[in-house]
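Written out below as structure tokens is the structure these notes cover.
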Amino acid sequence: MSSSNLSAATKTADGQLVSGRTRIVGIYYTCSNTASSFTLKNGTSGAATALVSITTPAAAGGYDIILPDLGILFDGGVYLDVNNAEVTSVTVFFYGGAAAA
């Protein structure tokens, strides 16, 4: 694994989560009791290529996803695209890059 420290970034709506080349190793999200979805895209805008798409359950709560092996490489940064307000927050745990403001 990388010799750098693990970092985290959180967003509650569409936007840049991480800038620069990074490797996502975990995801934590919260949602309401209505099924929805969100996508993590490789780049800096909603037009970027989707690398991870998650469909949320129709049950309110917080859910975590540990990505196996070395996680997923995003060489252009990580952009969060949420389907609607039913996804209340998304946190990614990553190596490399920097949390976007």
Side-chain angles (χ1 to χ4, degrees):
M1 186 51 73
S2 172
S3 62
S4 64
N5 290 329
L6 182 66
S7 298
T10 302
K11 287 281 185 196
T12 57
D14 291 0
Q16 189 77 32
L17 264 168
V18 181
S19 14
R21 181 181 170 95
T22 189
R23 188 171 294 276
I24 301 295
V25 295
I27 303 167
Y28 175 80
Y29 66 91
T30 58
C31 58
S32 72
N33 60 359
T34 301
S36 187
S37 64
F38 66 91
T39 305
L40 299 178
K41 297 186 174 187
N42 184 27
T44 59
S45 74
T49 302
L51 295 186
V52 177
S53 294
I54 304 293
T55 300
T56 66
Y63 301 89
D64 60 339
I65 302 168
I66 306 298
L67 299 171
D69 200 18
L70 296 175
I72 300 172
L73 178 64
F74 289 75
D75 59 6
V78 181
Y79 185 88
L80 171 66
D81 188 2
V82 296
N83 187 41
N84 55 36
E86 305 305 330
V87 176
T88 54
S89 72
V90 176
T91 300
V92 295
F93 300 92
F94 64 95
Y95 289 101

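Below, all heavy atoms of this structure are taken into account, side chains as well, without hydrogens, waters or symmetry copies.
No side-chain heavy atom of Val18 sits under 4.5 Å from any side-chain heavy atom of Phe74. Residues Phe38 and Asp81 have side chains not in contact (no heavy-atom distance under 4.5 Å, counting atoms from C-beta outward).
Looking at Gln16, its side chain does come within 3.5 Å of a backbone N or O of Val78 through a donor-acceptor pair. With hydrogens and angles disregarded, a donor-acceptor distance shorter than 3.5 Å links the side chain of Thr56 to the backbone of Ser36. At distances below 3.5 Å, at least one donor-acceptor pair connects side-chain atoms of Ser45 with backbone N or O atoms of Ala47. With hydrogens and angles ignored, the 3.5 Å screen pairs no side-chain donor or acceptor of Lys41 with any backbone N or O of Tyr79.
The two atoms that bring Thr22 and Gly96 nearest to each other are OG1-O, 3.2 Å, heavy atoms only. Scanning both residues, Ala8 and Ala99, for their nearest heavy atoms gives O-CB, 4.2 Å.
Distance CD1/Ile65 to OH/Tyr28: 11.5 Å, rounded to 0.5 Å. To the nearest 0.5 angstrom, Ile24 atom CD1 is 10.0 Å from Asn42 atom CG. Distance CG/Leu80 to NZ/Lys11: 8.5 Å, rounded to 0.5 Å. A distance of 7.5 Å separates CG in Asn84 from OG in Ser32, rounded to the nearest 0.5 Å. Taken to the nearest 0.5 Å, the OG1 atom of Thr39 stands 9.5 Å off from the CG atom of Asp14.
When the side chains of ILVMFWY residues are joined at heavy-atom separations under 4.5 Å, either directly or via intervening members, Ile54 and Val25 end up in two distinct hydrophobic clusters. When hydrophobic clusters are built by joining Ile, Leu, Val, Met, Phe, Trp and Tyr residues whose side-chain heavy atoms come closer than 4.5 Å, directly or via intermediates, Tyr63 is grouped together with Val92. With hydrophobic clusters built from ILVMFWY side chains whose heavy atoms lie under 4.5 angstrom apart, Val82 shares a cluster with Leu51. Note: the hydrophobic cluster containing Ile72 also contains Tyr29 (ILVMFWY, side chain heavy atoms under 4.5 Å, direct or indirect links).
A side-chain contact (heavy atoms from CB on, under 4.5 Å) with Ile27 holds for exactly one of Val52, Thr91, Ile66; it is Val52.
Grouping Ile, Leu, Val, Met, Phe, Trp and Tyr by side-chain contacts under 4.5 Å, direct or through others, leaves Leu73 on its own.
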Just do the side chain to side chain donor-acceptor pair (under 3.5 Å) check on Thr88 and Thr30 with the steps written out, would you? CA-CA 5 Å; Thr88 54; Thr30 58; 2.6 Å; yes
